Amino acid sequence: MISAINQEIEAFLSSVKGINESSNQMILDKFSTSISDNLENGHLTTNVCMIAASVLKLNPKELAKDLEKHLKGLELFKDVEAAGPGFINITLKRKDFVSVLLKIKKIKEKFGESLIGHNKRVQIEFVSANPTGPLHVGHGRGAAYGDALGRILKATGNIVEKEYYINDAGRQIDILTASVILKIIQKDINNFFPQNAYKGKYIELIGEDFLAKEDFRYDNLESFAKNMPSDPEEEIDQVIKNLQGLDEKKWNAVKSFSLESIIKSIKDDLKDFNVNFDNWFKESSLGSLIESSSEISNSINKLKKGGMAYEKDGAIWLNTDSSGDDKHRVLIREDGRATYFASDVAYHKNKIDRGFDNLINVWGADHHGYIKRIQASIEAIGSNKERLIVKLVQFANLFKDGKKVKMSTRSGEFFTLKDLIKEIGSDAARFYYLSKQSDQHLDFDLDIAKSDSKENIFYYIQYAHARIFSLEQKFKETYPELDTNMRRIEDNTYSKCDMLIHEIAKYPNIVNKSALTLQPHLIIFYLRDLSQLFHSYYNDNHVLSESEENMLSIIFCLSAVRQTISNGLEILGITPMQKM
RNA sequence: GCGCCUGUAGCUCAGCUGGAUAGAGCAACUGCCUUCUAAGCAGUGGGUCAGGAGUUCGAAUCUCUUCAGGCGCGCCA
């Protein structure tokens with residue numbers, strides 16, 4: 001319907017005097033015809049006259065009068081009215097207005113889906129937490145956001161691949177390995193434990209699991225902790241070196257065991273959180289600098305060949321000018337080891353080579369200084385930095401009993417994602433993570449998430465869904481022989497549901513907007529508004545005591561409302577409740 | 001110092017590719033359960049959209065600036 005109206009508007013515009021091709025195009029690009037906010041403004045609204053007036057320096061109200069006349073003459077609509085500062089409000093014929101109900105009845109869970117993505121291949125990389133410990137609540141936000149984004153983009157016609165990048169190479173993993181070993185041998189070394197080692201309880205548990213599997217013993221540990229450097233960084237490096245020297249085979253065994261154990265726990269946590277990845281990409285698969293044909297060597301060679309990487313002060317640097325980064329960045333250190341950045345450059349080259357149209361990286365907000373150098377690396381390997389979209393997810397503060405929950409990674413004591421799921425459930429957790437724009441700080445209040453008041457929007461929406469579901473069940477039990485229909489709504493002898501119909505018609509636009517702006521929270525606020533309209537209706541109308549004909553139509557409409565709420569929750573990865 | 005995010009009702013937040021009277025919930029106060037789920041509904045009060053300037057027919061929305069808060073600025077990852 002909207003596209004038909006826009007065609008008429010286009011025809012109208014060409015008849016406006018003083019218009020030329022460029023101004024015409026400018027207007028067409030900027031105006032919109034949409035479902036009106038409010039039924040008082042008709043079913044559909046367009047702002048084209050105000051846009052045209054500003055481009056053409058005309059009076060918007062007069063233009064609106066002309067367009068009103070034009071549209072009225074078509075007899076396509078029940079009513080057309082110029083209103084306010086120059087809006088055109090259109091009231092549809094009854095049949096057109098209620099047609100959304102038929103559509104939902106027909107396509108069910110596909111209502112809201114679209115093709116605006118044009119089959120673009122989009123890769124979303126998210127979470128990608130270092131496998132050195134359990135996921136905490138900060139990771140949870142990235143997980144909920146990335147996964148919801150994936151679902152939304154998929155529903156809007158993109159081909160989506162979700163990926164987790166596992167940083168399984170480098171120093172962090174060595175520290176992890178050392179931490180586990182030190183816990184295993186703690187009795188023999190007088191409980192020596194460096195400040196910078198990982199401290200959580202999970203470290204001990206991994207050690208115990210390893211011992212259950214195979215024997216572990218070193219000889220001559222008496223002097224192990226003697227003469228350690230006082231600098232914490234140097235100390236942990238020394239510990240790693242010593243342990244590797246004691247028995248390299250054992251070191252490697254503990255290393256791979258610890259890694260696998262943590263990766264498994266991360267996968268389990270994410271699975272419990274209803275987050276699924278299509279691909280788990282290991283940093284180690286990029287190879288090392290020693291192998292001349294590894295991906296990491298190849299990408300650095302390519303950069304050198306292109307003149308974007310160069311040697312200075314004994315290190316290899318990347319020229320990052322193309323993205324306006326503050327300074328050039330080191331790829332290979334003076335001592336010959338690759339930086340984390342070098343791996344990341346190779347990883348992004350790998351992604352580009354896989355042929356995605358767009359890459360979306362979901363990163364913690366603390367990584368924002370990193371964006372420009374990665375963009376520069378993408379340009380440097382000969383691609384276009386616009387292909388990479390980085391979405392920063394700001395921190396989430398957790399509040400419990402009215403107080404902020406302290407997060408301390410250092411001590412190993414933090415609120416994990418697992419704890420959160422245990423506390424409020426996966427669905428509620430996802431919901432609250434998504435309830436605010438991702439690039440803004442989130443105060444996550446556990447007390448509200450568990451409360452049974454209207455303040456708890458999660459249950460408010462679920463309650464609407466459950467109430468309709470229960471109504472449908474009661475109706476089926478009481479009148480098993482009857483089929484619902486929309487006769488009374490279509491002939492306008494029952495119009496109390498109109499607000500609901502008008503609201504659900506907005507849903508596909510909400511999903512599209514959410515996909516275009518990468519903002520899942522729009523769907524949450526929409527669902528709240530829809531639920532509010534439903535609860536209000538439900539309170540004023542006792543459905544099952546209506547006349548049979550009315551009831552058939554009401555249930556028909558409410559089923560569409562339930563379907564819409566269900567679709568909105570599902571697209572966010574949340575399971576709708578059938579009873580509460 | 002530089003960069004990014006933020007500042008809207010007492011509190012938590014929507015609204016931001018400029019558009020109709022700035023919206024919800026909580027908190028405060030009033031009502032509504034012998035009927036389909038009261039985890040609900042209806043109502044009242046509450047605003048210098050941080051301050052200032054600019055662009056515009058029109059600014060919470062765009063630009064500049066001041067103030068306030070958060071985060072980041074390694075040959076760490």
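All values derive from a computational prediction rather than experimental measurement. Sequence lines set the chain letters: A, B, ... in the order given, protein chains first and strands last, and positions in each chain run from 1. Just so you know, these numbers use all the heavy atoms, side chains as well, and skip hydrogens, waters and symmetry mates.
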- For A/Lys474 and B/U37, is the shortest distance between a side-chain N/O and OP1 or OP2 below 4.0 Å? yes
With 3.5 Å as the limit, what N/O pairs link the protein to nucleotides 42-46 of chain B?
{"from": "B/A42", "atom 1": "OP1", "to": "A/Ser536", "atom 2": "OG", "distance (Å)": "3.1"}

- Query: Rounded to whole angstrom units, what separation is found between the CG atom of A/Leu392 and the P atom of B/G3?
  - Reply: 16 Å
- Can you sort out which residues in residues 26-52 of chain A have a heavy atom within less than 4.0 Å of RNA chain B? Ascending by number, please. A/Asn41, A/Thr45, A/Met50
- Item | Side-chain heavy atoms of A/Leu286 within contact of A/Tyr347, under 4.5 Å | yes
- Message: Using OP1 and OP2 only, check whether a side-chain N or O of A/Lys372 sits under 4.0 Å from B/G72.
- Response: no
- Query: Does OP1 or OP2 of B/C5 have a side-chain N or O of A/Lys436 closer than 4.0 Å?
  - Reply: no
- Message: Between B/C62 and B/C16, how far apart are the two P atoms, rounded to whole Å?
- Response: 10 Å
- Message: Of the listed nucleotides (B/C75, B/U37, B/A20), which one gets closest to any side-chain atom of A/Glu334?
- Response: B/C75
- Base of B/C11 relative to its sugar, syn (within 90° of 0) or anti? anti
- Answer whether the closest heavy-atom distance between the side chains of A/Asp168 and A/Trp280 falls below 4.5 Å. no
- Message: At less than 4.0 Å, is any side-chain N or O atom of A/Arg333 found next to OP1 or OP2 of B/C76? Yes or no.
- Response: yes
- Query: With respect to the phosphate group of B/U12, does any side-chain polar atom (N or O) of A/Tyr432 fall under 4.0 Å of OP1 or OP2?
  - Reply: no
- State which residues pass ring pair (Phe, Tyr, Trp, His ring centres under 6.0 Å) with A/His139; sequence neighbours excluded, sorted by chain then number. A/His136
- Message: Would you say the rings of A/Tyr145 and A/Phe126 are close, in the sense that their centroids are separated by under 6.0 Å?
- Response: no
- Query: Is there a donor on the side chain of A/Asn89 or the base of B/A20 sitting less than 3.5 Å from an acceptor on the other?
  - Reply: yes
- Query: OP1 or OP2 of B/U6 less than 4.0 angstrom from a side-chain nitrogen or oxygen of A/Gln440, does that happen here?
  - Reply: yes
- Task: Classify the nucleic acid contact of A/His521 as base, sugar-phosphate or nothing, counting any heavy atom under 4.0 Å across all strands shown.
- Result: sugar-phosphate
- What about the rings of A/Phe444 and A/Phe399, do their centers lie closer together than 6.0 Å? no
